[in-house]
Number of protein chains: 2
Amino acid sequence: MAKILKEIDETDRKILGELERNGRLSISTLAARVGMSGPSVTDRIRRMENTGIIRNFTVDIDVAELGYELAAIVRIKPRPGSLHIVEKMICDEPRFTSCDAVTGDDCFVCRLAFRAMKDLDGILQPFHDRAETNTAIVKSSPVRNRLPTERTL
Amino acid sequence: MAKILKEIDETDRKILGELERNGRLSISTLAARVGMSGPSVTDRIRRMENTGIIRNFTVDIDVAELGYELAAIVRIKPRPGSLHIVEKMICDEPRFTSCDAVTGDDCFVCRLAFRAMKDLDGILQPFHDRAETNTAIVKSSPVRNRLPTERTL
DNA sequence: CATGAAAGTGTAGACCC
DNA sequence: GGGTCTACACTTTCATG
């Protein structure tokens with residue numbers, strides 16, 4: 001995948017930038033901002049959805065406001081033979097909000113959202129049969145989910 | 001913050017769930033799905049925007065399709081006295097797409113997007129004066145940025 | 001990629017419980 | 001206070017050049 005490398009021009013980039021800041025922008029204001037007609041913008045968005053550049057339109061929710069006031073980075077290193085089971089256990093625990101499989105000593109680096117300190121042990125305990133875990137509590141998030149760029153803006 | 005703990009009911013949750021799956025859903029279809037009138041739904045969304053539950057509407061972009069085909073988890077441990085400088089350096093390098101400050105041995109856990117293996121050294125080299133870094137290449141992402149829930153759906 | 005007409009959608013005000 | 005209804009304005013869409 002990521003092989004088609006479709007020609008993505010400046011206009012497409014500008015559309016993506018605007019939509020990243022406000023995913024519900026109307027086609028018409030979007031068209032005005034990039035200097036094009038509505039149908040053209042609609043066309044470009046649909047094309048980017050089809051090629052997979054745009055994965056999804058979504059909403060950025062502050063999970064702390066939903067009661068999940070704590071977050072942790074949990075590194076999980078399955079013991080030999082338990083890799084797939086552990087991966088499934090991670091996927092099945094919905095308080096893991098993201099998980100990357102990585103090279104190196106740890107196999108999984110996960111983000112965990114939880115309500116109170118006392119919940120942490122209960123969430124991680126099932127893993128201790130099949131993996132070693134290393135937990136770091138998140139104090140703050142200086143950078144949150146932005147788009148990479150080559151140049152510093 | 002996160003102190004107001006506004007009464008968020010089942011309808012609100014359902015709206016958030018639908019918008020997470022498709023942030024550009026029209027008010028009318030949203031209204032139909034939650035069994036309410038359009039203006040009510042608009043009202044609830046605006047309220048959640050004001051209280052901060054909804055941080056932003058945005059678009060989920062596959063950065064690999066933009067040419068950033070590689071990702072890494074970089075743990076960064078500033079040397080004594082360099083904490084704030086290092087934090088600023090992280091924020092100023094736009095290829096760091098997220099960064100959490102955490103407790104424990106490492107201070108920062110960051111996600112890095114980059115185009116080619118040969119770029120990695122150049123990105124991290126400026127840090128080696130002021131910090132120790134530990135880099136793990138992302139092989140896959142079994143869980144990607146989902147909402148936490150108490151019950152397994 | 002732009003235009004113009006037709007269909008659909010969002011918004012605001014008055015009203016109701 | 002929160003929800004609904006109606007009507008007008010705006011926006012999106014589709015066919016066409």
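So you know, we letter chains A, B, ... as the sequences are listed, proteins then strands, and number each from 1. Keep in mind that this is a model prediction, so the values were computed, not measured.
Between A:R44 and C:dC1 there is a side-chain N or O to OP1 or OP2 distance below 4.0 Å. Residue B:S28 has no polar side-chain atom (N or O) positioned under 4.0 Å from OP1 or OP2 of C:dG8. Between B:S40 and D:dG2, a side-chain N or O to OP1/OP2 separation shorter than 4.0 Å is absent.
When rounded to the nearest whole Å, the span between CD1 of A:I27 and P of D:dC14 equals 12 Å. Whole-Å rounding puts the B:M36 CE to C:dG10 C1' distance at 18 Å. The CD1-C1' distance, from A:I45 to D:dT11, rounds to 14 Å in whole Å. Rounded to a whole Å, the CG atom of B:L25 is 15 Å from the P atom of D:dT12. The distance between atom CG of B:D43 and atom P of C:dG10, rounded to the nearest whole Å, is 15 Å. Nucleotide C:dC1 holds its P atom 7 Å from the CG atom of A:D9, rounded to whole Å. B:R24 places its CZ atom 13 Å from the P atom of D:dT11, with the value rounded to the nearest Å.
A cation-pi contact, defined as under 6.0 Å to the ring centre and within 45° of the axis, is absent between B:R95 and B:F114.
Picking from D:dT4, D:dT12, C:dT3 the nucleotide with the shortest atom distance to the side chain of A:S26 gives D:dT12. Side chain of B:P39, nearest nucleotide from C:dA12, D:dG3, D:dC14: C:dA12. Distances were taken from every side-chain heavy atom of A:S37 (C-beta onward) to each of C:dC1, D:dT12, D:dG3; the shortest belongs to C:dC1.
Side-chain contact annotation: A:S141 with B:D100, donor-acceptor N/O pair under 3.5 Å present.
In terms of hydrophobic clustering, with Ile, Leu, Val, Met, Phe, Trp and Tyr side chains grouped at heavy-atom distances under 4.5 Å, A:I137 and A:V63 are assigned to different clusters.
You'll find the ring centres of A:Y68 and A:F96 outside the 6.0 Å limit.
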